[in-house]
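Report on the following structure.
None of the values given here were measured: they were computed from a predicted structure.
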Amino acid sequence: MQKLTFSTAIDAPAERVWQVMLEDATYREWTSAFSEGSYAVTDWKEGSKALFLTPEGDGMVSRIAVHRPNEFLSIEHLGAVSKGVEDTESDAVRGWAGARENYSLTESGSGVTLTVEMDATDEYRKYFEETWPKALAKLKQVCEREAARSAG
């Protein structure tokens, strides 16, 4: 497993970025870069279960490891979901179970820098290197659009 890091500067306050990142409608919008129609089933509270799913019911079962609003979110991936069935025990998931996905916000000028660090297997490295920049560009666009709406 290797650590991948991606970041983007967003011209919006941390509170707005956090809200856009996690609120259902806008979460669906920016994460469509990974899979059109993907969504999360969670309350985002520390210790809570989280399902990250496609419309077909495939995805990941995870746990919110750390949640410090407007600052830091750590998600621990525990296994896979296939057609709605959770798998946290098979050999296929044991190779990457426990992988983390961390989101950090730091103040920078008039906005924030969002940094995403994630553990990835060789199998998915290229996919994430191609897809995360697209997802972060969408997130930046949505955050800045929403910040402009609330300022106007």
Side-chain angles (χ1 to χ4, degrees), residues 1-12 14 16-108 111-144:
M1 195 110 47
Q2 51 205 287
K3 191 167 293 299
L4 304 178
T5 304
F6 307 93
S7 68
T8 189
I10 302 173
D11 190 18
R16 173 67 62 196
V17 174
W18 205 258
Q19 180 182 7
V20 167
M21 259 180 31
L22 305 183
E23 195 171 82
D24 184 56
T26 48
Y27 176 88
R28 289 172 185 253
E29 191 173 348
W30 75 268
T31 60
S32 67
F34 295 103
S35 178
E36 194 64 46
S38 64
Y39 62 100
V41 178
T42 184
D43 62 10
W44 299 107
K45 293 180 180 167
E46 201 165 297
S48 291
K49 180 179 180 177
L51 297 173
F52 299 99
L53 301 169
T54 66
E56 297 76 34
D58 297 332
M60 301 178 77
V61 58
S62 307
R63 180 180 69 86
I64 306 302
V66 180
H67 186 173
R68 293 194 304 266
N70 310 320
E71 185 183 325
F72 183 75
L73 178 70
S74 181
I75 301 166
E76 179 183 17
H77 298 299
L78 306 172
V81 179
S82 180
K83 295 179 180 45
V85 178
E86 295 177 23
D87 171 14
T88 57
E89 311 257 326
S90 73
D91 289 340
V93 300
R94 281 195 197 127
W96 57 263
R100 292 285 179 124
E101 189 172 320
N102 298 324
Y103 298 76
S104 302
L105 289 180
T106 52
E107 300 288 333
S108 72
V112 296
T113 298
L114 169 63
T115 302
V116 178
E117 291 182 328
M118 67 170 302
D119 297 322
T121 60
D122 287 340
E123 178 184 1
Y124 286 100
R125 179 186 180 122
K126 185 175 176 17
Y127 169 76
F128 287 128
E129 288 176 339
E130 292 173 358
T131 310
W132 263 112
K134 294 174 189 171
L136 289 179
K138 279 187 176 219
L139 179 60
K140 175 184 173 71
Q141 177 184 23
V142 175
C143 289
E144 291 176 353

query: Hey, what's the ring geometry for Tyr27 with Phe52, parallel, tilted or perpendicular (30° and 60° as the breaks)?
result: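 Geometry flag for Phe52 against Tyr27: tilted rings.
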Taking all atoms of both residues into account, what is the closest heavy-atom pair of [X] and [Y], and its distance?
X: Val20; Y: Thr26; answer: O-OG1, 2.9 Å
X: Val81; Y: Met60; answer: CG2-C, 3.8 Å
X: Phe128; Y: Ala120; answer: CD1-CB, 4.0 Å
X: Ile64; Y: Ala50; answer: CD1-CB, 4.0 Å
X: Ser62; Y: Ile75; answer: CB-CG2, 3.6 Å
X: Asp43; Y: Lys45; answer: OD1-N, 2.9 Å

- request: Decide yes or no on side chain to side chain contact (heavy atoms under 4.5 Å, CB included) for Glu86 and Leu51, but give the supporting numbers first.
  value: CA-CA 9 Å; Glu86 295 177 23; Leu51 297 173; 3.7 Å; yes
Side chains of [X] and [Y]: closer than 4.5 Å at any heavy-atom pair?
X: Leu114; Y: Tyr103; answer: yes
X: Leu4; Y: Trp132; answer: no
X: Glu130; Y: Lys126; answer: yes
X: Thr106; Y: Phe72; answer: no
X: Glu123; Y: Trp96; answer: no
X: Lys49; Y: Val61; answer: yes
X: Asn102; Y: Met118; answer: no
X: Leu22; Y: Leu73; answer: yes

What's the separation between atom [atom1] in [X] and atom [atom2] in [Y], rounded to the nearest 0.5 Å?
X: Glu107; Y: Asn70; atom1: CD; atom2: CG; answer: 9.0 Å
X: Ser74; Y: Glu117; atom1: OG; atom2: CD; answer: 10.0 Å
X: Leu139; Y: Met21; atom1: CG; atom2: CE; answer: 7.0 Å
X: Leu53; Y: Ser35; atom1: CG; atom2: OG; answer: 10.0 Å
X: Lys138; Y: Glu29; atom1: NZ; atom2: CD; answer: 7.0 Å
X: Leu78; Y: Glu89; atom1: CG; atom2: CD; answer: 11.0 Å

message: Tell me whether Ser38 contacts the main-chain N or O of Thr31 through its side chain, where contact means a donor paired with an acceptor under 3.5 Å.
response: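 Indeed, once roles are kept as given, a pair shorter than 3.5 Å links the two residues.
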task: Check each of Glu101, Arg63, Arg100 against His77 using the side chain to side chain donor-acceptor pair (under 3.5 Å) test, and report the only one that passes.
output: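 Result for side chain to side chain donor-acceptor pair (under 3.5 Å) with His77: Glu101.
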Evaluate whether atom [atom1] of [X] has more than 12 neighbouring non-hydrogen atoms of other residues, nucleotides or ligands under 6.0 angstrom away.
X: Lys3; atom1: NZ; result: yes
X: Gln141; atom1: CD; result: no
X: Tyr124; atom1: OH; result: no

- request: Please test Thr54 against Glu56 for side-chain hydrogen bond (donor to acceptor under 3.5 Å, both in side chains), starting from the C-alpha separation and ending with a verdict.
  value: CA-CA 5 Å; Thr54 66; Glu56 297 76 34; 3.1 Å; yes
query: Looking only at side chains, do Ser48 and Thr42 share a donor and an acceptor under 3.5 Å apart?
result: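 No - no donor-acceptor pair under 3.5 Å links their side chains.
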query: What's the verdict on side chain to side chain contact (heavy atoms under 4.5 Å, CB included) for Thr113 and Thr8, showing C-alpha distance, side-chain angles and the deciding distance?
result: CA-CA 6 Å; Thr113 298; Thr8 189; over 6 Å; no
field: Lys140/Glu144 ion pair, N-O < 4.0 Å
entry: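 Judged by the 4.0 Å cut-off on N to carboxylate O distance, Lys140 and Glu144 do form a salt bridge.
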